[in-house]
Amino acid sequence: MSPAPPDRVRVTVPVLEHTALFELAVPCAVFEEPRYALTLCGTAPDGGGHLARGLRLETERGLEAVAEADLVVVPACVMGDHVSRPELLEALRAAYARGARIASLCSGAFVLAEAGLLDGRTAATHWMYADELRRRFPSVRVDEHSLYVDDGQVLTSAGTAAAIDLCLHLVRRDFGAAAAAEVARRLVVAPHREGDQAQYVPAPPVPVRSEDALAPVLDWALARLHEPLAIGDLAARAGMSTRSFGRHFAGETGTTPLKWLNRQRLARARELLESTELPVESVAARSGLGTADGLRQHFRRELGTTPAAYRRTFRAPEARARSAASGPSASGPGVPGGGGAGG
């Protein structure tokens with residue numbers, strides 16, 4: 001392979017054993033263009049690599065290609081008992097020491113953490129692996145909310161599609177917003193996504209034993225989320241004082257009654273935005289979050305996005321079909337789909 005022209009950014013992608021196909025394909029799709037010189041290098045002793053689904057990829061270069069890179073992009077590694085080859089970890093450390101940028105996609109953060117490149121840093125990974133990354137590497141500040149984290153020389157992305165977000169961010173950082181938009185158009189994706197990982201994480205159910213006195217109280221509250229419930233209302237329903245109820249609730253659920261209420265109201269709002277054409281004001285009222293402004297504040301704080309953007313992303317196909325069939329007259333001009341003004 002001939003040397004890259006000096007004005008091109010040299011990108012090396014190490015092919016990890018059993019890496020996920022999508023996270024390997026993303027940097028190939030983004031950086032396979034004239035501004036970059038892309039190289040895939042093997043990490044196995046024979047220079048190749050076994051991929052997911054039984055595929056095998058033969059590469060022309062080995063780990064020596066990492067030493068020539070301006071940017072090293074580590075794709076997802078297989079989870080479980082994965083341990084990276086010492087030669088790969090040493091190559092990553094050496095590349096970092098000479099000033100190359102090191103990026104990881106999805107669970108590739110575990111490889112960077114093994115190399116010690118995330119010690120004392122904030123890093124992203126797939127939200128499903130965030131607790132595992134914390135457990136295995138306590139010196140890493142894990143950010144399970146952001147789609148990606150740019151810490152200067154070291155960059156990490158969240159799971160799967162967030163790999164595209166980070167790679168486009170790198171193009172934007174190298175060559176500007178217009179270049180990133182050009183690549184995004186070629187890939188038929190948005191050049192920048194709103195929000196963070198939180199909007200993709202399903203609301204976890206609160207574990208409560210069926211024989212516990214809390215179970216009927218929570219069912220009662222879930223049927224009345226639209227009402228102005230207070231902690232005293234739940235305590236009275238349980239036949240306890242407010243203080244005793246708070247202690248019992250925290251002991252059974254691991255959270256406070258107020259946090260539980262807010263979480264359930266947010267989950268109800270998400271469900272209504274996904275499955276109905278209700279205006280934002282109605283969604284706020286039915287979920288107990290008050291006004292449209294109150295709903296927007298909750299979404300911005302908890303999910304990093306707006307109700308309107310959330311609806312555009314997660315709206316169920318049947319809700320889209322109903323909206324299209326009803327036409328613009330159903331919700332008035334300029335408010336398609338009944339989404340409410342300024343959601």
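Counting from 1, the numbers follow the sequence of the chain as shown.
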Atom of Thr276, atom of Leu272 and distance for their closest heavy-atom approach: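 Looks like OG1-O, 2.6 Å.
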Tell me whether [X] contacts the main-chain N or O of [Y] through its side chain, where contact means a donor paired with an acceptor under 3.5 Å.
X	Y	answer
Asp233	Ala230	yes
Arg172	Ala179	no
Ser275	Glu271	yes
Gln264	Leu222	no
Asp143	Ala124	no
Arg98	Ala67	yes
Thr156	Ala123	no
Thr19	Ala76	yes
Thr306	Ala309	yes
Ser244	Ser241	no

To the nearest 0.5 Å, what is the distance between [atom1] on [X] and [atom2] on [Y]?
X	Y	atom1	atom2	answer
Arg8	Glu33	CZ	CD	9.0 Å
Leu155	Asp150	CG	CG	4.0 Å
Glu144	Asp131	CD	CG	7.0 Å

Using a strict 4.0 Å threshold on nitrogen-to-oxygen distance, state whether [X] and [Y] make a salt bridge.
X	Y	result
Arg101	Asp174	yes
Arg186	Glu32	no
Arg270	Glu302	no
Glu114	Arg136	no

Within the 6.0 Å centroid threshold, strictly below: Phe245 and His248: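 No, ring centres 6.0 Å or more apart.
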Matching residue for Thr12 among Leu63, Val66, Val73 - test: side-chain contact (heavy atoms from CB on, under 4.5 Å):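 The residue from Leu63, Val66, Val73 that satisfies side-chain contact (heavy atoms from CB on, under 4.5 Å) with Thr12 turns out to be Val66.
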side-chain contact (heavy atoms from CB on, under 4.5 Å) partner of Ile164, the single match among Leu105, Leu147, Val189: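 Only one of Leu105, Leu147, Val189 forms a side-chain contact (heavy atoms from CB on, under 4.5 Å) with Ile164, namely Val189.
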Summary of ring pair (Phe, Tyr, Trp, His ring centres under 6.0 Å) pairs that have at least one residue in residues 154-181, sequence neighbours excluded: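 Those involving residues 154-181 are Tyr36-Phe175, Tyr148-His169.
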Heavy-atom side-chain contact between Arg61 and Glu68 under 4.5 Å: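 The answer is yes; the side chains approach within 4.5 Å.
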Which residues share a side chain to side chain contact (heavy atoms under 4.5 Å, CB included) with Arg93, sequence neighbours left out: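 Partners of Arg93 under the side chain to side chain contact (heavy atoms under 4.5 Å, CB included) test: Leu89, Glu90, Ala115.
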